[in-house]
Engineer: 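Shown below is the structure under consideration.
Counting begins at 1 with the first residue of the sequence.
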Amino acid sequence: MLRLAISLFLFALFSVTSARSFVTTRPGPIDSFLPKHKLEGASVCSYTVIIKTSCSSVSYTRDKISIAFGDVYGNEVYVKRLDNPKSRAFEKCSSDTYKITGPCMRDVCYLHLLRQGSDGWKPENVKVYGSSITSVTFYYNLFLPNGVWYGFNVCNGIANANDKSSQPIIASVAAM
């Protein structure tokens with residue numbers, strides 16, 4: 001009976017964790033990151049991005065928040081400003097959901113955030129979902145520095161710059 005319980009526990013554990021990736025490395029500054037420019041003709045996919053603001057963040061921020069994420073093949077989604085400054089997005093202890101369209105990609109292996117302003121902001125985590133990717137969660141849980149791309153890069157390879165089928169385009173975003 002104990003073996004059966006352990007087997008069921010392990011099966012449930014692996015079933016749940018295989019559906020979603022969790023990035024547990026610590027985020028850091030991305031000194032040489034420049035978002036990619038828009039190219040026409042790439043296949044477009046839809047992504048859902050959920051950003052949870054920490055309960056120890058400022059009550060809300062009017063700072064400009066940008067996001068970029070992509071895959072190992074150089075496909076990238078970039079949104080210059082996620083929120084409407086009058087929307088009171090990114091309030092502490094809240095989650096904000098965005099529908100973003102961008103190039104179809106393989107699994108997301110990097111995600112960077114940029115905060116520009118004087119209010120400050122502490123994201124807890126960022127989740128990215130899409131029909132063509134495995135869902136992934138990036139854990140920040142720290143105040144982002146001002147004017148610095150900050151995040152994760154867990155890619156294990158480099159995109160082939162000559163492969164026109166994997167060239168990125170800039171994404172569009174709609175708040176939900």
Engineer: Does the side chain of Lys92 pick up a donor-acceptor pair with the side chain of Ser54 at under 3.5 Å?
Structural biologist: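 No, no side-chain donor-acceptor pair sits under 3.5 Å.
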
Engineer: Determine yes or no for a side-chain-to-main-chain donor-acceptor pair under 3.5 angstrom, with Asp119 supplying the side chain and Arg62 the backbone.
Structural biologist: yes

Engineer: How about Thr137 and Asn125: does a side-chain donor come under 3.5 Å of a side-chain acceptor?
Structural biologist: no

Engineer: Can you tell me which residue pairs pass the salt bridge (charged side-chain N to carboxylate O under 4.0 Å, His left out) test with a partner in residues 128-148, sequence neighbours excluded?
Structural biologist: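 Listed once each, the pairs would be none.
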
Engineer: Once salt bridge (charged side-chain N to carboxylate O under 4.0 Å, His left out) is applied, do any residues pair with Asp96, and if so which ones, sequence neighbours excluded?
Structural biologist: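 Asp96: no salt bridge (charged side-chain N to carboxylate O under 4.0 Å, His left out) contacts found.
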
Engineer: Hey, could you give me the CD1/OG1 distance between Ile51 and Thr97, rounded to the nearest 0.5 Å?
Structural biologist: 9.0 Å

Engineer: Between Met105 and Ile133, what is the shortest heavy-atom contact and its length?
Structural biologist: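 So the two residues come closest at O-CG2, 3.5 Å.
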
Engineer: Which atom names give the shortest non-hydrogen contact between Leu113 and Pro123, and what distance separates them?
Structural biologist: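 Nearest pair, atom of Leu113 first, then Pro123: CD1-CG, 4.1 Å.
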
Engineer: Only one of Val79, Val126, Leu82 passes side-chain contact (heavy atoms from CB on, under 4.5 Å) with Val49; say which it is.
Structural biologist: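 The side-chain contact (heavy atoms from CB on, under 4.5 Å) with Val49 is passed solely by Val126 among Val79, Val126, Leu82.
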
Engineer: So, using side-chain contact (heavy atoms from CB on, under 4.5 Å) as the criterion, who are the partners of Leu114 when residues are at least two apart?
Structural biologist: Ser66, Gln116, Trp149

Engineer: Is there side-chain contact between Lys99 and Ser46, with at least one heavy-atom pair below 4.5 Å?
Structural biologist: yes

Engineer: Run Tyr140 and Thr53 through side chain to side chain contact (heavy atoms under 4.5 Å, CB included) and show every step you take.
Structural biologist: CA-CA 10 Å; Tyr140 279 81; Thr53 298; over 6 Å; no

Engineer: Hey, does Asp71 have a side-chain heavy atom less than 4.5 Å from the side chain of Val108?
Structural biologist: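 Not in contact.
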
Engineer: Assess the pair Phe138 and Phe69: is the distance between their ring centroids shorter than 6.0 Å?
Structural biologist: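 Not close enough - the centres of the two rings lie 6.0 Å or further apart.
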
Engineer: Could you list the residues that satisfy salt bridge (charged side-chain N to carboxylate O under 4.0 Å, His left out) with Arg106, not counting sequence neighbours?
Structural biologist: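 Per chain and number, Arg106 pairs via salt bridge (charged side-chain N to carboxylate O under 4.0 Å, His left out) with no residue.
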
Engineer: Working note: Phe90 + Val58, criterion side chain to side chain contact (heavy atoms under 4.5 Å, CB included); need CA distance, chi angles, decisive distance, verdict.
Structural biologist: CA-CA 9 Å; Phe90 308 121; Val58 296; over 6 Å; no

Engineer: Can you run down the salt bridge (charged side-chain N to carboxylate O under 4.0 Å, His left out) pairs that involve residues 45-54, sequence neighbours left out, and say none if there aren't any?
Structural biologist: Lys52-Glu124

Engineer: Who are the side chain to side chain donor-acceptor pair (under 3.5 Å) partners of Asp83, not counting sequence neighbours?
Structural biologist: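 With sequence neighbours excluded, Asp83 shows a side chain to side chain donor-acceptor pair (under 3.5 Å) to Arg81, given in chain and number order.
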
Engineer: Among all residues two or more places apart in sequence or in another chain, which pass the side chain to side chain donor-acceptor pair (under 3.5 Å) test with Tyr47?
Structural biologist: none

Engineer: Minimum heavy-atom separation for Gly102 to Val77, with atom names?
Structural biologist: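 Taking Gly102 first and Val77 second, the nearest heavy atoms are CA-CG2, 4.1 Å.
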
Engineer: Start with the C-alpha distance between Thr48 and Val128, add both sets of side-chain angles, then the distance that settles side chain to side chain contact (heavy atoms under 4.5 Å, CB included), and finish with yes or no.
Structural biologist: CA-CA 6 Å; Thr48 301; Val128 182; over 6 Å; no

Engineer: With rounding to the nearest 0.5 Å, note down the distance linking NZ in Lys80 to CD1 in Ile65.
Structural biologist: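 Reported to 0.5 Å precision, the distance equals 14.5 Å.
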
Engineer: Could I get the full list of side chain to side chain donor-acceptor pair (under 3.5 Å) partners for Asn141, not counting sequence neighbours?
Structural biologist: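 Side chain to side chain donor-acceptor pair (under 3.5 Å) list for Asn141, sorted by chain: empty.
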
Engineer: Can you list the residues that meet the ring-ring contact (aromatic ring centres under 6.0 Å, His included) rule with Tyr150, with sequence neighbours excluded?
Structural biologist: none

Engineer: Kindly write out the residues that satisfy side chain to side chain donor-acceptor pair (under 3.5 Å) with Thr61, not counting sequence neighbours, or none if the list is empty.
Structural biologist: Asp63

Engineer: Between Leu142 and Tyr60, is there a shared hydrophobic cluster once you connect ILVMFWY residues whose side-chain heavy atoms come closer than 4.5 Å?
Structural biologist: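 Not linked; separate clusters.
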
Engineer: Test: disulfide (SG to SG under 2.5 Å). Region: residues 105-150. Which pairs qualify, not counting sequence neighbours?
Structural biologist: Cys109-Cys155

Engineer: Taking only residues at least two apart or on different chains, which pairs with a member in residues 133-155 satisfy salt bridge (charged side-chain N to carboxylate O under 4.0 Å, His left out)?
Structural biologist: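 Sorted pair list comes back empty.
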
Engineer: If every non-hydrogen atom of Tyr129 is compared with every non-hydrogen atom of Ser135, which pair is closest and at what distance?
Structural biologist: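 Looking at all heavy atoms of both residues, the closest pair is CD2-OG, 2.9 Å.
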
Engineer: Ignoring hydrogens, what is the shortest heavy-atom contact between Glu76 and Tyr110? Give both atom names and the distance.
Structural biologist: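 Answer, listing the atom of Glu76 first, then Tyr110: OE1-OH, 2.5 Å.
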
Engineer: Please report the closest heavy-atom contact between Phe152 and His112, naming both atoms and the distance.
Structural biologist: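 Here Phe152 and His112 meet closest at O-CE1, 3.3 Å.
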
Engineer: Carefully, step by step, assess Ser56 and Lys122 under the rule side-chain hydrogen bond (donor to acceptor under 3.5 Å, both in side chains).
Structural biologist: CA-CA 7 Å; Ser56 60; Lys122 184 178 182 180; 2.8 Å; yes

